[in-house]
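Just below is one structure, and these are the notes that go with it.
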Amino acid sequence: MAPKETQPPPTPAFLKLSYPAPRVLLIRMDRPKDLNAMSTAAQWEMDSVWRWFDLEPQLSVAIITGTGRAFSAGADLKEWNNSMSDDADPKSRMGNAPAFKPLSRRLGKKPVIAAVNGLAMGAGCEFVVNCDLVVAAEDAYFALPEVKRGIAAIGGALPRLIRTIGLQRASEFALTGRNATAQEMFQWGIVNKVVPKERVVDEAIKYAELIAKNSPDAIICTRAGLRQGWETASVERAVEWTLEKEFAELQRGENILEGLRAFSEKREPQWKGSKL
């Protein structure tokens, strides 16, 4: 079911978009010959899609997956190598701070589910660490191999790993650059569910449908509260920020009235697109 209010941005280079369920966006990284490695053009394409997704009122949840045997091998290292040549413009080096924020550093308003269909390396692994839920194939594996290439995983995963799995496990994972299995990532708390490869996207859609049937305003507000607790040091201040911003906006919206009214009338609510 496609959204009705706005058109998605063009995605000619890297992404395929579809709508497998109401209020659900499926994003497929589609460079299988390159293991869905991300060029600068691909990153800009993703940036425009995430911006549109957050602003489109008829969408509540996104799923990201890959075509072929990889979720994503991370940054396009061939392009990175070329950007480091002596005759290349130093200002255009791939490792410079980009003008966009990749998925690995996305804050956003709405939840994103990673459907990890295969290897997730480097920036691809960093994407996973910052997703709200993760479904992984049984044979998927994860790594931050940057230390083996003379670079560093500076795309946002390092501090987020600390928050999720603790200093010692994060250090083992990032400093060795070793592969971790889907089952290991499940035990560490990064993966929600491990399933056979052919069921990865279907399981992610099930999660998305469970989320998307709820109030669009409440989804945004609840995620904001979760993210504030993850990003900030003070639990109580995170509650205050969410109360002052997202919950205040939620209380001025139509969906809180519809949800309470539907409960009283013992019927299913008819949600409106979120304006938060």
Side-chain angles (χ1 to χ4, degrees), residues 23-25 27 43 46-57 59-64 97-98 100-116 120 123-136 142 144 153-167 169-170 174 185-186 188-193 204 207-253 255-256 271 273-276:
R23 311 194 72 84
V24 176
L25 169 66
I27 302 170
Q43 291 276 26
M46 292 190 77
D47 180 70
S48 66
V49 169
W50 295 126
R51 291 176 184 271
W52 168 74
F53 165 63
D54 270 338
L55 293 174
E56 169 50 55
L59 292 172
S60 292
V61 191
I63 299 165
I64 184 164
F100 54 83
K101 281 195 176 180
L103 176 57
S104 57
R105 294 182 60 199
R106 173 184 176 266
L107 299 176
K109 297 194 301 183
K110 300 173 184 177
V112 177
I113 302 170
V116 185
C125 182
E126 294 197 83
F127 282 4
V128 173
V129 171
N130 194 36
C131 281
D132 299 279
L133 286 85
V134 180
V135 179
F142 306 77
L144 295 176
I154 204 65
L158 300 180
R160 288 173 170 85
L161 279 170
I162 293 290
R163 296 296 178 97
T164 303
I165 67 177
L167 175 62
R169 280 177 172 168
M185 295 296 256
F186 173 75
W188 284 1
I190 291 175
V191 168
N192 295 80
K193 196 170 189 179
Y207 272 130
E209 288 179 310
L210 287 172
I211 295 169
K213 72 179 184 180
N214 297 316
S215 161
D217 293 349
I219 292 168
I220 291 172
C221 182
T222 299
R223 182 183 182 273
L226 292 167
R227 286 275 164 163
Q228 285 289 359
W230 194 41
E231 295 277 352
T232 64
S234 169
V235 172
E236 191 54 37
R237 186 61 188 133
V239 175
E240 291 174 359
W241 278 333
T242 308
L243 279 170
E244 292 166 4
K245 188 177 186 299
E246 286 84 5
F247 192 72
E249 294 173 4
L250 179 149
Q251 294 216 88
R252 293 192 292 268
N255 284 321
I256 186 172
W271 306 120
S274 180
K275 297 179 181 178
L276 267 63

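Side chains included, hydrogens not; waters and symmetry mates left out as well; all remaining heavy atoms used. Residue indices begin at 1 and follow the sequence shown. All of these numbers come straight from a predicted model, not from anything done at the bench.
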(request) Could you check V116, V128, L103 and say which one makes a side-chain contact (heavy atoms from CB on, under 4.5 Å) with I64? (result) L103
(message) Between E209 and R23, is the salt bridge (charged side-chain N to carboxylate O under 4.0 Å, His left out) condition met? List the steps.
(response) CA-CA 8 Å; E209 288 179 310; R23 311 194 72 84; over 6 Å; no
Nearest heavy-atom neighbours spanning [X] and [Y]:
X	Y	answer
R160	V129	CB-CG1, 3.8 Å
N255	W271	O-CZ3, 3.3 Å
F127	P102	CE1-CB, 4.3 Å
N130	R106	ND2-O, 2.9 Å
T242	C221	CG2-O, 3.7 Å
I63	A115	CG2-CB, 4.0 Å

Rounded to the nearest 0.5 Å, how far apart are [atom1] of [X] and [atom2] of [Y]?
X	Y	atom1	atom2	value
C125	I190	SG	CD1	7.0 Å
D132	R227	CG	CZ	4.5 Å
I113	K193	CD1	NZ	11.5 Å
Q228	L107	CD	CG	9.0 Å
D217	E246	CG	CD	11.0 Å
I220	L250	CD1	CG	9.5 Å

(message) Between I256 and Q251, does the side-chain contact (heavy atoms from CB on, under 4.5 Å) criterion hold? Intermediate values first, please.
(response) CA-CA 6 Å; I256 186 172; Q251 294 216 88; 4.2 Å; yes
Quick one: does [X]'s side chain get under 4.5 Å of [Y]'s, heavy atoms only?
X	Y	result
E126	L144	yes
W50	V112	yes
Y207	V61	no
W230	T164	yes

(request) Ignoring hydrogens and angles, tell me if any N or O in the side chain of K110 forms a donor-acceptor pair with the backbone of F53 under 3.5 Å. (result)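 Confirmed, K110 side chain pairs with F53 backbone.
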(request) Check whether any side-chain N or O of D54 sits under 3.5 Å from a backbone N or O of K109 as a donor-acceptor pair, and report yes or no. (result)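 Checking the backbone N and O of K109 against the side chain of D54, a donor-acceptor pair under 3.5 Å is found.
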